[in-house]
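Worksheet for the structure shown next.
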There are 2 protein chains.
Amino acid sequence: MIGDWTERFQGTAQLPRAVRDRLLKVARITHMAEGTQVFGPLNVPDSLFFLYEGRIRVVQRSDVGRDIVLYRVDAGESCVLTTACMLAEEAYNAEGIAETDITAIALPKAAFDRLVAEEDAFRAFVFAAYSRRLIDLLRVVDDVAFGQMDVRLAARLLALAGDFKEVSATHQHLASELGTAREVVSRILQDFQKRELIAQSRGRIALLDKPALRDIAAAD
Amino acid sequence: MIGDWTERFQGTAQLPRAVRDRLLKVARITHMAEGTQVFGPLNVPDSLFFLYEGRIRVVQRSDVGRDIVLYRVDAGESCVLTTACMLAEEAYNAEGIAETDITAIALPKAAFDRLVAEEDAFRAFVFAAYSRRLIDLLRVVDDVAFGQMDVRLAARLLALAGDFKEVSATHQHLASELGTAREVVSRILQDFQKRELIAQSRGRIALLDKPALRDIAAAD
DNA sequence: ACGCCTTCAGTGACATTGTCACCCAACATG
DNA sequence: CATGTTGGGTGACAATGTCACTGAAGGCGT
């Protein structure tokens, strides 16, 4: 189905051919449909995940019914939070959701351990992945604790739009991105609309004035 | 000065004698006075730190003049954020402050790498440390994004008090623990005082009714 | 003891954000 | 066209953050 996936990852592409062949043997390739929970408090995987194709959204759920997106795992990255899940006894309530249909490589813990022990390149890859996520979380804490909502929303709209000039998302979705309430998003979007920075229709938002939005987002 | 520090850490106590002797040779022992910045954006160490004695407070500083405590590193733990700092190119603004006089073991990166590669026990220790911090940060995000201030403050007072019934901290200190403003802390403490849960004097807070505070803190 | 200075805490007005209880509009479906 | 579901708008209020002050408490030098 897919060929030599070890090409795809920084941590594996540099490994000797023999090691990579071994990996191709022991790893299982799994597919999951969009919307599937990849991992969560009640769904702790026993393997390390490498995301071959697709995107995973890692979300923190609150018990008051609000969510916040912690970060996204893109194709070519590994999902280290799963390893943290494996080791953690403490309670937490983050979960990973397949944001698209995904193809992932599940590497059994034993093989993972061995690889980390034996291969410098792989070890560096894993530590870099951990570090990246730590830094991502620092950023989230900073945003949530000190950032203003309009700034955060402008930034998120731009990020979600990418090169396009429209975002397909309900106010509720955006609220769940930022860990706030729908009403708050509605209010701010109304304001943006009045200032002609965006145009709204049901479930979609057109970014009319990206430079201005960038200005707002930069006030961070 | 200090004897065999390898006794002190989960990750090192289980290592073979020979390895530990090697460690004792390559590691540098450093002392720092209370208040010293152990690491920070402009002060990136090139070694991994093991905290032998004392406590480090890891703080996120905002550019609007507020702070928030991310977690504390206690004696016997390692400070993995420093390794993240080493690897990170991205900007961040967390820093570690010696909360007491500290004694730390600085293990050069090369020795660290070798140890991770060769010793299962040590590797497990390091990964556990990373996971712990990730989980800690999840908790912080949850608190900041979804927690109510009175709940968080009650919890923090109890945590800072430990077994004692008094906390030595100004309102400003408490605000910096929680990432809020002094006025907010003052307001909530006033309320607690009116309800006779605490008594205040300049720079100190007596916890009069810990059970009630625990009730408030549990509403999380 | 006395005044002086610095730090800490209290206060009211206001802005921002979160919560609640609604309403109405847009779309899908039979 | 009738109806149900989902997305979005609104006003009132609560909680939190900001600002510009005030005064109180304690340290210190004389």
Side-chain angles (χ1 to χ4, degrees), chain A residues 35 60-68 141-157 160 166-195 198-206 216 219-220, chain B residues 35 60-68 141-157 166-195 198-206 216-217 219-220:
Chain A
Q60 170 99 13
R61 303 206 106 89
S62 80
D63 29 32
V64 296
R66 272 155 57 202
D67 296 351
I68 183 171
V141 170
D142 195 280
D143 269 18
V144 172
F146 308 123
Q148 307 218 137
M149 231 3 142
D150 53 348
V151 173
R152 295 176 59 205
L153 181 53
R156 192 57 63 114
L157 284 173
L160 290 174
E166 246 193 25
V167 175
S168 282
T170 66
H171 295 188
Q172 181 58 63
H173 286 147
L174 293 170
S176 291
E177 288 275 333
L178 301 174
T180 184
R182 178 189 59 81
E183 294 91 322
V184 176
V185 170
S186 293
R187 272 202 294 250
I188 298 173
L189 287 181
Q190 290 251 291
D191 178 54
F192 286 177
Q193 194 176 31
K194 266 173 201 142
R195 292 156 68 184
I198 62 167
Q200 300 190 66
S201 53
R202 192 185 171 86
R204 1 181 86 239
I205 296 160
I216 295 174
D220 180 23
Chain B
Q60 171 100 12
R61 302 206 108 89
S62 80
D63 29 31
V64 297
R66 270 155 59 201
D67 296 352
I68 183 170
V141 170
D142 196 279
D143 268 19
V144 171
F146 308 123
Q148 308 215 143
M149 226 14 139
D150 53 348
V151 172
R152 296 176 59 205
L153 181 53
R156 192 57 63 113
L157 284 173
E166 248 193 23
V167 175
S168 282
T170 66
H171 295 188
Q172 181 60 63
H173 286 147
L174 293 170
S176 292
E177 289 275 333
L178 300 174
T180 185
R182 178 189 60 78
E183 294 92 321
V184 176
V185 170
S186 292
R187 273 202 293 250
I188 297 174
L189 287 181
Q190 289 253 288
D191 178 54
F192 285 177
Q193 194 174 31
K194 267 173 201 142
R195 292 155 68 183
I198 63 167
Q200 300 189 67
S201 54
R202 193 188 172 84
R204 0 180 88 239
I205 296 160
I216 295 174
D220 180 22

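Note that the structure is predicted; figures quoted are calculated from it, not measured. So you know, we letter chains A, B, ... as the sequences are listed, proteins then strands, and number each from 1.
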Side chain to side chain donor-acceptor pair (under 3.5 Å) against [X], all qualifying residues, sequence neighbours excluded:
{"X": "A:Thr180", "result": "none"}
{"X": "A:Asp150", "result": "none"}
{"X": "B:Glu183", "result": "none"}

query: Hey, mind stepping through A:Ile216 and A:Phe192 against side-chain contact (heavy atoms from CB on, under 4.5 Å) and telling me if it holds?
result: CA-CA 10 Å; A:Ile216 295 174; A:Phe192 286 177; 3.9 Å; yes

Report the distance from atom [atom1] of [X] to atom [atom2] of [N], rounded to the nearest whole Å.
{"X": "B:Leu174", "N": "C:dG10", "atom1": "CG", "atom2": "P", "result": "12 Å"}
{"X": "B:Asp191", "N": "C:dA9", "atom1": "CG", "atom2": "C1'", "result": "16 Å"}
{"X": "B:Arg204", "N": "C:dA9", "atom1": "CZ", "atom2": "P", "result": "12 Å"}
{"X": "B:Leu189", "N": "C:dC8", "atom1": "CG", "atom2": "P", "result": "15 Å"}

message: Contact between B:Gln172 and B:Val185 at the side-chain level, heavy atoms closer than 4.5 Å - yes or no?
response: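 Side-chain contact under 4.5 Å: no.
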
- request: Taking the side chain as every heavy atom from C-beta outward, state whether A:Leu189 and A:Leu174 have any pair of such atoms under 4.5 Å apart.
  value: yes

- prompt: Quick check: does any side chain N or O of B:Arg66 sit under 3.5 Å from a backbone N or O of B:Gly179, one acting as donor and the other as acceptor?
  reply: yes

Check: B:Gly147 main-chain N/O paired with B:Arg152 side-chain donor or acceptor under 3.5 Å: no

- prompt: Distance only, no hydrogens: is a donor on one side chain within 3.5 Å (strictly under) of an acceptor on the other, for A:Ser176 and A:His173?
  reply: no

- request: Using the heavy-atom set of chain B and a strict 4.0 Å cut-off, write down the first and last nucleotide of DNA chain D that makes it in, 5' to 3'.
  value: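 Contacts span D:dT16 to D:dG26, reading 5' to 3'.
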
- line: When A:Lys194 and A:Arg202 are each assigned the nearest nucleotide of DNA chain D, the 5'-most assignment goes to A:Arg202

message: Checking B:Arg187 against B:Asp191 for the salt bridge (charged side-chain N to carboxylate O under 4.0 Å, His left out) test, could you report, in this order, the C-alpha distance in whole Å, the side-chain angles of both residues, the deciding distance, and whether it holds?
response: CA-CA 6 Å; B:Arg187 273 202 293 250; B:Asp191 178 54; over 6 Å; no

- prompt: Which value, rounded to the nearest 0.5 Å, describes the distance between B:Ile205 atom CD1 and B:His171 atom NE2?
  reply: 5.0 Å

- line: In B/S/- notation (B base, S sugar-phosphate only, - none; protein heavy atoms under 4.0 Å), nucleotides 17-23 of chain C written 5' to 3' is BBBBB--

- prompt: Using the C1' atoms of the five pairs at each end, what is the angle between the end axes of the helix from C:dA1-D:dT30 to C:dG30-D:dC1, to 10°?
  reply: 20°

